[in-house]
Amino acid sequence: MSSDRLKIVWIYPDLLSTYGDQGNTIVLERRAALRGIPTETVNLRSDEPVPADGHIYLLGGGEDRPQILAAQRLRADGGLHRAVENGAVVFAVCAGFQIIGHEFGGDEGQPLPGLGILDIRSGRGQQRAVGEVVSDVASELRVPRVTGFENHQGATSIGPNARPFGKVVSGIGNGDGQGFEGAYSGHVLGTYMHGPALVRNPALADLLLRWAVGQELQPVDDSWAGRLREERLAAVLGAPTE
């Protein structure tokens, strides 16, 4: 981390905050504070330039037209690209996940250019994914099984320069015919999971913090957060999983 404060940038809450994904910022702030890591959170509106000096950038879900506008403004701004070049962490959900790829489907299904930060391509799928989703995370990320809520009609394929975030246990996920959910490369990670995802999965929040600070984190009391995660997993899978 290049400064004494962890800078969290919530990108375009006026466009990309349909499903309460801003809760992800609160969880990061809280779990950083439990470890004595001071934070600064920037709620960045779509008429403001994207600072390139942040440590973690968050993008949430949104409807078709706000998603298109967000992608246009982020491409024109270039700040998020510069931040990634500086080593920043990016966590993008649903519409945000599609935006950071090479292309996504517009309001009439037409292909539109994304940011090209993550090697994925998205379009309109044959079925709408609505409901709980559970997936097993790629082992190298050291995050246990994750739970979330999906509501999208996207179909996302992963290119050779990215890897699947997880393998679907229950739900639709990327809708790619491969059973994958999300994708990541380096410190850029995208998923279709709402919930908010970091509220339901504290270990995933800690992964982002670990990437941002560049070192292992001291353990914290996960009793309440862990209870929520286990309740959601049990509700979907019918029995305790771990």
Side-chain angles (χ1 to χ4, degrees), residues 8-13 16-32 41 55-62 67 89-101 117-118 120 122 129-138 141-152 154 156 158 162-175 180-185 187-212 217 220 222 224-237 241-242:
I8 302 169
V9 182
W10 172 241
I11 293 180
Y12 297 174
L16 301 174
S17 189
T18 303
Y19 301 106
D21 295 310
Q22 193 165 5
N24 291 325
T25 65
I26 298 171
V27 171
L28 289 173
E29 291 167 348
R30 174 59 178 165
R31 295 187 72 80
T41 299
H55 299 104
I56 301 178
Y57 293 77
L58 302 170
L59 297 91
Q67 178 185 20
V89 176
V90 175
F91 181 65
V93 175
C94 201
F97 176 34
Q98 294 182 355
I99 285 172
I100 64 173
I117 290 173
L118 187 62
I120 60 169
S122 301
V130 181
E132 295 289 315
V133 58
V134 173
S135 64
D136 287 331
V137 177
L141 296 181
R142 294 186 287 140
V143 173
R145 178 172 285 182
V146 292
T147 167
F149 182 85
E150 57 184 354
N151 185 3
H152 68 92
T156 297
I158 302 173
R163 303 189 65 178
F165 169 56
K167 186 74 171 178
V168 173
V169 175
S170 179
I172 303 298
N174 291 351
F180 294 133
E181 205 295 313
Y184 79 98
S185 178
H187 291 170
V188 177
L189 193 158
T191 177
Y192 278 111
M193 294 192 308
H194 301 287
L198 301 187
V199 176
R200 291 197 184 198
N201 304 285
L204 180 55
D206 286 351
L207 171 67
L208 304 182
L209 291 174
R210 191 167 71 239
W211 281 350
L217 303 174
V220 296
D222 272 336
W224 285 101
R227 185 178 303 174
L228 171 63
R229 173 179 171 273
E230 291 298 332
E231 286 177 353
R232 297 317 308 156
L233 288 172
V236 176
L237 302 178
T241 58
E242 296 176 323

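The figures that follow rest on heavy atoms only: side chains count, while hydrogens, waters and symmetry mates do not.
- Minimum heavy-atom separation, Val236 to Ser170: CG1-OG, 3.5 Å.
- Looking at Val168 and Glu150, their side chains never come closer than 4.5 Å, going by heavy atoms from C-beta outward.
- Side-chain contact between Ile56 and Leu209 is present, with at least one heavy-atom pair separated by less than 4.5 Å.
- Checked by atom type and distance alone, the side chain of His152 pairs as donor or acceptor with a backbone atom of Gly173 at under 3.5 Å.
- Interatomic distance, Phe165 CZ to Phe97 CZ, rounded to the nearest 0.5 Å: 10.0 Å.
- The distance from the CG atom of Leu233 to the CG atom of Asn201 is 7.5 Å, given to the nearest 0.5 Å.
- Using a 4.5 Å cut-off on side-chain heavy atoms (C-beta onward), Val89 and His55 make no contact.
- Counting all heavy atoms, side chain and backbone alike, Pro196 lies closest to Gly20 at CG-O, 3.2 Å.
- Other residues, nucleotides and ligands place more than 12 heavy atoms under 6.0 Å from the CZ atom of Arg210.
- Just one of Leu59, Asp21, Leu58, Leu198 meets the side-chain contact (heavy atoms from CB on, under 4.5 Å) condition when paired with Val93; it is Asp21.
- For Arg232, the salt bridge (charged side-chain N to carboxylate O under 4.0 Å, His left out) criterion is met by Glu132, not counting sequence neighbours.
- Nearest heavy-atom pair across Val199 and Gly23 is CG2-O, 4.1 Å.
- By the 4.5 Å heavy-atom criterion applied to side chains, Val130 and Phe149 are counted as neighbours.
- Once rounded to the nearest 0.5 Å, the distance linking CG of Asp222 with CZ of Arg31 reads 4.0 Å.
- Side-chain atoms of Gln98 and Thr156 form no donor-acceptor pair, as typed in the model, at a separation below 3.5 Å.
- The closest side-chain heavy-atom distance from Ile172 to Val133 is not below 4.5 Å.
- Listed here is the closest heavy atom pair of Ile158 and Asn174: CD1-ND2, 3.8 Å.
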Trp211/Leu141 under side-chain contact (heavy atoms from CB on, under 4.5 Å): CA gap, chis, key distance, verdict: CA-CA 10 Å; Trp211 281 350; Leu141 296 181; 3.9 Å; yes
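- Rounding to the nearest 0.5 Å gives a distance of 6.5 Å between CG of Leu208 and CG of Leu189.
- Rounded to the nearest 0.5 Å, atoms NE2 (His194) and CG (Asn24) are 10.0 Å apart.
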Any chance you could lay out the side-chain contact (heavy atoms from CB on, under 4.5 Å) test for Phe91 and Thr191, step after step, and finish with the verdict? CA-CA 8 Å; Phe91 181 65; Thr191 177; 3.8 Å; yes
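- Between Ser185 and Ala162, the shortest heavy-atom distance links the atoms CB-CA, 4.2 Å.
- Separating the CD atom in Glu230 from the OG1 atom in Thr147 is a distance of 10.0 Å, to the nearest 0.5 Å.
- Among all heavy-atom pairs drawn from Arg200 and Gly195, the shortest one is NE-CA, 3.7 Å.
- Side-chain contact between Gln67 and Ile99 is present, with heavy atoms from C-beta onward closer than 4.5 Å.
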